[in-house]
2 protein chains.
Amino acid sequence: MAKVSPKWLTPKEMRAWRSYIIASRRLLEALDQDLSGHDLSMADYEVLAQLSEAPGRRIRMSDLAEIAMLSKSRLSHRITVMEKAGWVRREACKEDRRGAWAVMTEKGLKAIVKAAPDHVDSVRTRFLDRLDGEDQINLADVFEEVLAGLRSEFKSEKE
Amino acid sequence: MAKVSPKWLTPKEMRAWRSYIIASRRLLEALDQDLSGHDLSMADYEVLAQLSEAPGRRIRMSDLAEIAMLSKSRLSHRITVMEKAGWVRREACKEDRRGAWAVMTEKGLKAIVKAAPDHVDSVRTRFLDRLDGEDQINLADVFEEVLAGLRSEFKSEKE
DNA sequence: GCACTTTACTTGAAAGTTCAACTAAATGAC
DNA sequence: GTCATTTAGTTGAACTTTCAAGTAAAGTGC
């Protein structure tokens with residue numbers, strides 16, 4: 001017999017869900033605000049962080065969109081802005097002439113090298129420090145499981 | 001002696017942090033998409049849900065902004081849109097003539113009554129069902145703690 | 001009462017994001 | 001090779017959110 005979900009959430013479920021979304025929104029808000037002193041949003045930080053770790057400090061636009069979890073269009077607009085700020089530059093791709101590289105400039109590298117310690121500190125004090133060792137493992141397990149669930153649902157939707 | 005945070009995250013911290021933000025972004029994305037069939041964003045859903053539970057199905061703009069976690073400006077713009085959709089209406093406030101009520105219409109009530117079961121189902125299948133009873137409690141504890149931390153930091157910033 | 005500050009809310013413009021349409025190159029079928 | 005399809009990326013318009021400024025009413029000090 002198939003499990004039928006009751007219509008509303010139990011108090012326990014409700015508490016888990018609400019504490020999670022409320023704290024998450026506030027947390028992201030706080031982290032974003034912490035970064036704003038470096039003129040960066042979390043999304044822009046992620047783009048720069050990914051670029052800084054990539055070989056040649058360059059990534060193809062599509063790949064960058066993928067790993068930074070942005071739509072292609074959003075990334076394209078954002079790179080235009082970052083280009084004006086002098087943090088990245090676009091470069092034509094010889095192997096695939098449809099393609100474009102997003103290349104981090106020296107200035108971009110400096111920007112993220114400067115921002116990173118503050119951001120890490122911010123993530124630590126606002127989030128990680130509130131979790132003991134066991135919490136960290138549990139949380140990772142739970143969210144990996146959630147992500148796996150999302151992926152499999154996504155896959156089955158496509159089939 | 002003050003605790004000095006090492007510069008970068010340990011693998012364990014990294015795993016906790018990354019699984020959390022990645023899964024969270026995907027989760028929110030999925031929940032939003034699930035709601036889009038009802039022509040609602042999560043933010044709009046929250047606004048309507050709060051109104052539906054309020055006495056007289058009406059809440060003062062400022063209070064609504066507070067509980068729905070939106071800026072006043074954002075709420076004001078959003079209510080303008082929802083007003084056009086016929087879900088809410090503004091009403092002058094007699095007790096405080098600067099004030100305004102956001103009042104849910106019958107149509108708005110119908111919209112959320114229709115959307116709610118799907119949304120609950122979506123939260124359940126995509127998130128809560130991945131957590132066992134103990135996970136739910138741990139998660140609630142952790143995020144309540146994170147929220148408390150944010151509040152106290154916020155308070156101390158103001159002082 | 002009168003000035004001063006604060007509170008409640010809105011507004012318009014700027015900045016950011018999404019959406020659909022578009023160009024151009026690569027790939028695949030035959 | 002040629003036609004259709006897919007992939008890579010950009011663009012402009014529509015919409016959303018933020019930001020700074022504005023209006024009007026309350027509250028406060030004296």
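Order of the sequence lines fixes the chain letters, A, B, ..., with proteins taken first and strands second; residue numbering starts at 1 for each chain.
- When the P atom of C/dT6 is taken as reference, atom NZ of B/K72 falls 14 Å away, rounded to whole Å.
- Using a 4.5 Å cut-off on side-chain heavy atoms (C-beta onward), B/L51 and B/L64 make contact.
- Residue pairs that meet the salt bridge (Lys or Arg N to Asp or Glu O under 4.0 Å) test with at least one member in residues 68-87 of chain A, sequence neighbours left out, are A/D44-A/R78, A/E83-A/R90.
- Against DNA chain C, the stretch residues 43-64 of chain B makes heavy-atom approaches under 4.0 Å through B/R60, B/M61, B/S62.
- Summarising the geometry, the separation between NE2 on B/H77 and P on D/dA14 is reported as 18 Å, rounded to the nearest angstrom.
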Throw together a table of side-chain donor-acceptor distances under 3.5 angstrom for residues 139-150 of chain B, partners on residues two or more places apart or in other chains.
{"unit_1": "B/D141", "atom_1": "OD1", "unit_2": "A/R15", "atom_2": "NH2", "d": "2.6"}
{"unit_1": "B/E144", "atom_1": "OE1", "unit_2": "A/R15", "atom_2": "NH2", "d": "3.0"}
{"unit_1": "B/E144", "atom_1": "OE2", "unit_2": "A/R15", "atom_2": "NE", "d": "2.9"}

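- When side chains are defined from C-beta on, A/N138 does not count as touching B/D135, because their heavy atoms never get closer than 4.5 Å.
- Atom-to-atom, CZ of B/R74 to C1' of C/dT17 comes out at 12 Å; the value is rounded to the nearest Å.
- Rounded to an integer number of Å, the gap from B/M42 CE to D/dT16 P is 17 Å.
- The interatomic distance linking B/L75 (CG) with D/dC19 (C1') rounds to 16 Å, in whole Å.
- To the nearest angstrom, C1' of D/dT10 lies 12 Å from CD of A/E83.
- With contacts defined as side-chain heavy-atom distances shorter than 4.5 Å, the pair A/L35/A/S41 does not qualify.
- Spacing between atom CD of A/E29 and atom P of D/dC19 amounts to 11 Å, rounded to whole angstrom units.
- Taking every side-chain heavy atom of B/S73 into account, C/dT11 is the closest of D/dT11, C/dT10, C/dT11.
- A heavy-atom distance below 4.5 Å is found between the side chains of A/I67 and A/I59.
- Using a 4.0 Å cut-off, no side-chain N or O of B/R98 falls inside it from OP1 or OP2 of D/dA26.
- Residue B/R97 has its side chain nearest to D/dA25 when only D/dA25, C/dA26, D/dT16 are considered.
- Residues A/D96 and A/V81 each lie close to DNA chain C; by heavy-atom proximity, the contact nearer the 5' end of the strand is made by A/V81.
- The phosphate of C/dG16 has OP1 or OP2 within less than 4.0 Å of a side-chain N or O from A/R78.
- Here the side chains of A/H119 and A/L40 are not in contact, with every heavy-atom distance at 4.5 Å or above.
- Following rounding to the nearest Å, B/E95 (CD) and D/dG27 (C1') show an atom-to-atom distance of 17 Å.
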